[in-house]
Amino acid sequence: DAGITQSPRHKVTETGTPVTLRCHQTENHRYMYWYRQDPGHGLRLIHYSYGVKDTDKGEVSDGYSVSRSKTEDFLLTLESATSSQTSVYFCAISESPGQGIGNNEQFFGPGTRLTVL
Amino acid sequence: QKEVEQNSGPLSVPEGAIASLNCTYSDRVSQSFFWYRQYSGKSPELIMSIYSNGDKEDGRFTAQLNKASQYVSLLIRDSQPSDSATYLCAVNLGTGGKLIFGQGTELSVKP
């Protein structure tokens, strides 16, 4: 398995509380991604990072922020959690996003199951 | 129109048969295509990537790409019950390496 860990693996929280999810990699890959997976919607990109302190929005970024202060860590923060953010969150890493290049494959972490009551 | 479409299934095949999974995509500039396998409650696992038209084989898996028709498929030969999972098709749109995923096809291999 690619060296990707996510913490916590499970979390239950209440509406309005802040939540931070952590993704940690030991592969020294430049690119990191946060996805959420919901029934009926599949996997959707929230935010991604293309280097330390370099991040950009994905398809469903509203209500989420990210930070990357070190190559190995990518944090996802829900500033004020809502019930619609109940989901399974996956982190992924990639060596390079280049088109037609073999090293743009993404590898996923084990996921975090978040429940917002 | 969804950018990546897959039949949701479930697709049921007998053990030993060939399972055929299909995916169509809408963006003609896409050049990188991936198949992931996801067991229930687990994370997606990359099983095949394909970049050029034609077939790519890896063990019991064959990925087929036809850019002119904008479809990519995955064949699983000699299907086993352990192949029962959801198979996700993903397409790289070329903007920051972002992948767009289909909703997945659930495959059930019956002993």
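At a 4.5 Å heavy-atom cutoff, the contact between A/L43 and chain B is made by backbone and side-chain atoms alike. Using a 4.5 Å cut-off between heavy atoms, A/F90 touches chain B through its side chain atoms alone. Residue B/F33 does not touch chain A at all, counting heavy-atom pairs closer than 4.5 Å.
Taking 4.5 Å as the limit, some side-chain heavy atom of B/Q38 sits within range of a side-chain heavy atom of B/P44.
In this structure, A/V19 is not a member of the same hydrophobic cluster as A/L75, with clusters built from ILVMFWY side-chain heavy atoms closer than 4.5 Å.
Counting only N and O atoms by type, the side chains of B/T105 and B/N7 include no donor and acceptor under 3.5 Å apart. Inspection of the A/Q106 and A/Y48 side chains reveals no N or O donor paired with an N or O acceptor under 3.5 Å.
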